[in-house]
Amino acid sequence: MSEVTQKDAIALYKNDSPDQRAVLALKLGHDINSGTLSETELALAIAICEQLSEDIHVAVRQSLAQTLRKSTDIPKELALKLAQDVLEVSLPMIKFSELLADKDLISLVRSGDKDRQLAITQRKTLSPVVSHTLVEEGDEEVVESLLHNDGADIEDETLEAVLDRFQNSPAIHTGMAQRHKLPKHVVERMVDLVSDQIKAELLVRHPLSEILLEKMMLESREDAVRRILSDPHSKRDAALLVKKLSNSGKLSAELIFRALEIGDRAFFEHALAERVGIDLNSTLLLIKDPGERGFAALYRKAGLPQKDFQSINYLVDAEYRSKRHAPITSSKDTFAPDEAEPESWLTATKNTKSKWRLF
């Protein structure tokens, strides 16, 4: 037996100072973690640690947990004992110990202690069953922390449960959008719940179909009216959406045309300004130019297809320059929520082409 472990054993029984026992706990943990102890020395070191785990002074047990938090050479019973201690002792073990099994973690989650739940969300990896239990038992802060852990395995069913519980939480929506992978049906649900900032996050991080991209980026007249009536001070950040689309190479001519067709002025105006590289006020002046030469120049500079200019100019005339034409969309064109979705959510009828037959 080495002199080091002999002295350690003597120190345990002769030392009345909790500070010195705390130092002893740190030393023993370092020795165990070093992997240099013989089988006999390791057994003695663990035996002393087990005695220290029952020390009356929290500082001693806290030092022990801190130094053993990543050890896989100690008995699981010792790791679990420390994990179930007071918070100062338990949190390092809960966050780092690989000896804790899923059933141990689930038991800790269901204890209802928020600090322990948060520590579990910060573990290097989490199984689907532990992640689901955290979503069931944890509050908004706990679930948000879970979503930001890329090592957490979160199944589709659990993500659906998150949206069910926290459908009005911007913090949860942000955490969801920043996940490295989201299933298509979850993204589709989020589109109708999240802010423009989070939509931009979804756009950057997740592949989207053309239809879902339209639904996410564009706002119909009916949507705009509902938003304004529910919150007269609300503002839509069309500029942000356009910028993100442009940066990702997805600000297509078709999307710009579709915005105009459904009366999404904000998107149409910001899109032209972005493509041309001028400010919004100048863009509006060129769009509304009664002589149409200003808009023709803007259109060319934006690099939009010349073959579509006459059709688009007609819509611009109807939307911006006169009241002679009927509105581009009307309430009767909106399909009922329980009907099957047409080819595009923005298509006014169930025909494969838009009502204007222009695109």
Can you name the closest pair of heavy atoms from [X] and [Y] and give their distance?
| X | Y | result |
| --- | --- | --- |
| Arg321 | Pro290 | CD-CA, 4.5 Å |
| Gly112 | Gln117 | CA-NE2, 3.9 Å |
| Leu82 | Ala65 | CD1-CA, 4.1 Å |

Working note: Glu141 + Leu118, criterion side chain to side chain contact (heavy atoms under 4.5 Å, CB included); need CA distance, chi angles, decisive distance, verdict.
CA-CA 8 Å; Glu141 185 180 358; Leu118 283 170; 4.0 Å; yes

Evaluate Ile154 against Ser131 for side chain to side chain contact (heavy atoms under 4.5 Å, CB included), listing each step before the verdict.
CA-CA 6 Å; Ile154 307 178; Ser131 295; 4.0 Å; yes

Working to the nearest 0.5 Å, report the span between [atom1] of [X] and [atom2] of [Y].
| X | Y | atom1 | atom2 | value |
| --- | --- | --- | --- | --- |
| Asn313 | Phe295 | CG | CZ | 6.0 Å |
| Asp31 | Glu41 | CG | CD | 8.5 Å |
| Ile172 | Met190 | CD1 | CE | 10.0 Å |
| Leu100 | Ile106 | CG | CD1 | 12.0 Å |
| Leu286 | Arg293 | CG | CZ | 12.0 Å |
| Leu108 | Ile94 | CG | CD1 | 5.0 Å |

Pair [X]-[Y], side-chain donor/acceptor within less than 3.5 Å:
| X | Y | answer |
| --- | --- | --- |
| Ser282 | Asp279 | yes |
| His173 | Gln167 | no |
| Glu319 | Tyr314 | no |
| Glu269 | Thr283 | no |
| Arg179 | Asn149 | no |

Test item: [X] and [Y] side chains (from C-beta on) under 4.5 Å apart, heavy atoms:
| X | Y | result |
| --- | --- | --- |
| Arg123 | Leu105 | yes |
| Phe166 | Val143 | yes |
| Pro18 | Arg21 | yes |
| Leu304 | Leu272 | yes |
| Lys95 | Arg69 | no |
| Val142 | Ile120 | no |
| Ser90 | Leu87 | yes |

Salt bridge or not between [X] and [Y]? Use side-chain N to carboxylate O under 4.0 Å.
| X | Y | answer |
| --- | --- | --- |
| Arg189 | Asp164 | yes |
| Arg165 | Glu136 | no |
| Lys244 | Glu201 | no |
| Arg258 | Glu254 | yes |

Please determine whether the number of non-hydrogen atoms from other residues, nucleotides or ligands lying under 6.0 Å from atom [atom1] of [X] exceeds 12.
| X | atom1 | answer |
| --- | --- | --- |
| Glu157 | CD | no |
| Lys81 | NZ | yes |
| His185 | NE2 | yes |

Residue pair Glu98, Thr72: steps toward the side chain to side chain donor-acceptor pair (under 3.5 Å) verdict
CA-CA 7 Å; Glu98 296 178 11; Thr72 56; 6.0 Å; no

What verdict does the side chain to side chain donor-acceptor pair (under 3.5 Å) test give for Thr36 and Ser34, after you've listed the backbone C-alpha separation in whole Å, the side-chain angles of each residue and the deciding distance to 0.1 Å?
CA-CA 5 Å; Thr36 60; Ser34 70; 2.8 Å; yes

With side chain to side chain donor-acceptor pair (under 3.5 Å) as the test, would you mind laying out the steps for Asp153 and Ser127 before giving the verdict?
CA-CA 5 Å; Asp153 190 346; Ser127 70; over 6 Å; no

Test side chain to side chain contact (heavy atoms under 4.5 Å, CB included) applied to Val23 - qualifying residues, sequence neighbours left out:
none

I'd like to know if Ile198 and Leu240 are part of one continuous hydrophobic network [Ile/Leu/Val/Met/Phe/Trp/Tyr, side-chain heavy atoms within less than 4.5 Å].
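No; tracing contacts between hydrophobic side chains, which count when under 4.5 Å, never links both residues.
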
State plainly whether one hydrophobic cluster holds both Met93 and Val86, where clusters connect Ile, Leu, Val, Met, Phe, Trp and Tyr through side-chain heavy atoms under 4.5 angstrom apart.
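Looking at the clustering, Val86 is in the same group as Met93.
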
Please evaluate residues Tyr299 and Val316 with respect to the criterion side chain to side chain contact (heavy atoms under 4.5 Å, CB included), reporting the C-alpha separation (whole Å), side-chain torsions for both, the decisive distance (0.1 Å), and the verdict.
CA-CA 11 Å; Tyr299 187 95; Val316 167; over 6 Å; no

Within 45 degrees of the axis of the six-membered ring of Phe96 and under 6.0 Å from its centre: does Lys70 put its NZ or CZ there?
yes

